[in-house]
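Note sheet for the following structure.
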Amino acid sequence: MLNYTVDAEGIATVEFDYPEKSQNILNAKSMGAYADAMQKALADPAVKGIVVASAKKDFIAGGDLAELGAATDAAAFHASISAWHKLMRAIELGGKPVAAALNGTTLGGGMEVALGCHYRVAADNPKARFGFPEVTLGLLPGAGGTQRLPRLAGMMAAAPLLMEGKRIKAAEAQKIGMIHAVVTVGAERTAARQWVADTLAAGTKPLQPWDMKGAKIPGGGPNTPNGMQMLMAANAMLREKTCDNYPAPKHILSCVYEGLSTNIDTGLAIEARYFTNLVMSPVSKNMIRSLFFGMQEANKLASRPAGVPTQKYSKIGMLGAGMMGAGIAMSTATAGMAIVLLDTTQEAAEKGKDYARKQWSKQVAKGRMTADAMEALLARIHPTADYADLKSCELVIEAVFEKREIKADVTKKAEAVLLADPAPDAIFASNTSTLPITGLAEASARPANFIGLHFFSPAEKMPLVEIIVGKATSDATLARSMDYVRAIGKTPIVVNDSRGFYTSRVFGTYVSEGMALLEEGVPPALIDKAGLIAGMPVGPLALADEVSIELVHKIAQQTRADLGSAYVERAADRVAAKMVADLGRLGRKSGAGFYDYPADGPKHLWSGLAQHFPVRVGADGTAALTLEQIVERLILVQSVETVRCLEEKVLRAPIDADVGAILGWGYPPFRGGPIGWLHTLGSAKSVAALDRLAEQNGPRFTPPKLLRDMAARGENFYPA
Ligand code: NAD
């Protein structure tokens, strides 16, 4: 866990060396070992000074999230964190110089261990990052980070690190005063030791700046005019950005304001309370489960069928060089693969490549990519109209128009080339957003090698790929497709075939519910604001405009045609029909939807909505629905549809639902995901709320049997 040595001059080295892990992490075990080692060194008269170091390639990666996620005893947690603060203060006031040698990345609790030393020297390691990622998982740097960093760097410089989780390089960390020196790689331990020896030789008592007489906070404390101004602005900005849904950044601001208004010991006591509150909150539990463990499982391909050798890819075919095709080509080229970008004409294919050039040129202009690197990427994209160029592709993805006949035609043409290969095991994938994969696979000579790879727009940026398994898709095809998704650095979720698959189906309920609310007479401004307050990135009506109301209308017509008498008309279908067929307002692309898009100013709600969807108020003049009721509907309509997807086995596991929602359509992470939110409410409360909503609004809210049974058995979706 820790190596402890003392040299001839009485300088002890306390070296973190977490067993059987590539990284050092902080948990009860490693923190206990550190406490023992430091107390021993402080108590031993033969030890004059201490160097804290790491035996791994990085210093410390941060806190143990499994331990934090599982903590449920607030009093015990508060006691343990208070004991840690006491240890850190004993080190700071112990009279022996303590220096940290930061050989690599130092994050979270690791950075706090370092800040608790008198001196910090970092290796000039270009890969090393320094910072506090806690806020991104609903936590705060609770081992003194909110108190020590702003006292060293000032509140202004500390803000992006503490409140946004920004990670910085060694040189910048030195510039803001978070570390004292940067030395060449490998020299950091010697430099730390030298500082200890020099301090001993000078005979001065080592102290942290906040323990020195007349200590001042750089840039001014919270109660100076500067500090007040900064905190006021930060508060307002935070509220605007988060609608108060995320307690962590708010608590961080409180720690900084309250803690820096007093001395360090009281500040640490304040921090310990806010930290305990966050660790116990459902928000951090949700974020840790979905954003950390869920994502980690998905990226490790935990659900990949076993026994299929990992496939390496070198050449991919892309049919359709439109918006999606060009984006997928960019991601593929970035991952080092050659990509054949095929369209109906050479000119159309070149257009796709031009899109890539345009996007990458912006990176070059910003200094994020060299011109040579861009040319190397572009050289991997081969635009063509000739199917013969697909020869020896290991995978061909189609993103042509959303028409069954066209998709069938390109499938046949591509397979004619792929099957001529000596070992024809290439995969054919469709990026369709609505057409069932099993049906599309009918055009294929090898439906076992046919699969859905559903990317999101813009494909070069969006991190999720929804993999759709058709009836005939083989396990090997699924496993090898997952390898491709990981190879291009995206996160896969695996779903079974169904109308709208998982993501489009559930995301669609959010948009539809917004349109239903409009028909009921809820003011449109309130509907979209409620969406933001619910935590969604865009309001449902604005979103309908973005994806196009015409598309909503077309899907409704298609569903009606497919389902015949089983089709039940929804409020959203009527609203879409009115907007598109009667009023000719198709959405943003036509410059007119629920919003108007003037050329000379920002978009605004269309004034005609008032006439076509009159606002209804109760007899007493108040709104028909409260904000809370609207938020509840917009959120629970997604959850209930997701449970249906689980029940129908469209989804294979709850965590796929949560990861897919957060990455796919920006579902608010603080709720954990559509399933995470039901878990937060508890099954019994979820059923009660859905029964009430179904009674008021119809069967789209009726709790599925799966959920009712869980509630009856007292079960929840995830372990407590
Ligand atoms: P797009 O209209 O931008 O591009 C389609 C491209 O396919 C065009 O360049 C067209 O010339 C080409 N094409 C048409 N017929 C062809 C043929 N026979 N052979 C070769 N190329 C042909 O459309 P898009 O937005 O890129 O969507 C493409 C597919 O991806 C559709 O199936 C769509 O449902 C799906 N999709 C779209 C999004 C999105 O947000 N746009 C998201 C996920 C999936």
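Both ligands and their constituent atoms are indexed starting at 1 by order of listing.
- Residue, atom and distance of the protein heavy atom nearest to atom 3 (O) of ligand 1 are Met323 N, 3.0 Å.
- When each atom of ligand 1 is checked for a heavy atom of Val410 under 4.0 Å away, the hits are 17 (C), 18 (N), 19 (N).
- Ligand 1 places these atoms under 4.0 Å from at least one heavy atom of Ser433: 33 (C), 34 (O), 35 (C), 36 (N), 44 (C).
- Taking atom 5 (C) of ligand 1 as the reference point, the nearest protein heavy-atom neighbour is Ala399 O, 3.6 Å.
- For the salt bridge (charged side-chain N to carboxylate O under 4.0 Å, His left out) with Asp596, the lone residue among Arg588, Arg585, Lys603 that qualifies is Arg585.
- By the 4.0 Å N-to-carboxylate-O rule, Glu394 lies too far from Lys312 to be salt-bridged with it.
- Set against the non-hydrogen atoms of Lys407, the atoms of ligand 1 under 4.0 Å away are 31 (C), 32 (O).
- Taking 4.0 Å as the cut-off between side-chain N and carboxylate O, Glu520 and Arg633 count as a salt-bridged pair.
- Each of the following atoms of ligand 1 lies closer than 4.0 Å to a heavy atom of Asn431: 30 (O), 35 (C), 36 (N), 44 (C).
- The part of Ile406 lying near ligand 1 is the side chain, judged by heavy-atom distances below 4.0 Å.
- Considering only non-hydrogen protein atoms, atom 43 (C) of ligand 1 sits nearest to Phe455 O, 3.1 Å.
- At the shortest separation from atom 17 (C) of ligand 1 among protein heavy atoms lies Thr344 CG2, 3.6 Å.
- Within ligand 1, the atoms closer than 4.0 Å to a non-hydrogen atom of Gly322 are 3 (O), 4 (O), 6 (C), 9 (O), 26 (O), numbered from 1 in the order shown.
- For Asp409 and Lys413, the salt-bridge test passes: some basic side-chain N is under 4.0 Å from an acidic carboxylate O.
- With respect to the salt-bridge test (charged N to carboxylate O, under 4.0 angstrom), the residues Asp483 and Arg304 qualify.
- Ion pairing between Lys554 and Glu402 fails under the 4.0 Å rule for side-chain N and carboxylate O.
- At the shortest separation from atom 26 (O) of ligand 1 among protein heavy atoms lies Met324 N, 2.8 Å.
- Glu641 has a carboxylate O that lies under 4.0 Å from a charged side-chain N of Arg644, or vice versa, which qualifies the two as a salt bridge.
- Nearest heavy-atom pair across Trp665 and Pro537 is O-CG, 3.8 Å.
- A salt bridge links Arg700 with Glu513: the distance from a Lys NZ or Arg NE/NH1/NH2 to an Asp or Glu carboxylate oxygen falls below 4.0 Å.
- Atom 22 (C) of ligand 1 has its closest protein heavy atom at Val400 CG1, 3.5 Å.
- For atom 8 (C) of ligand 1, the closest heavy atom belonging to the protein is Asp343 OD2, 3.6 Å.
- In this structure, the protein non-hydrogen atom closest to atom 2 (O) of ligand 1 is Phe401 CE2, 3.4 Å.
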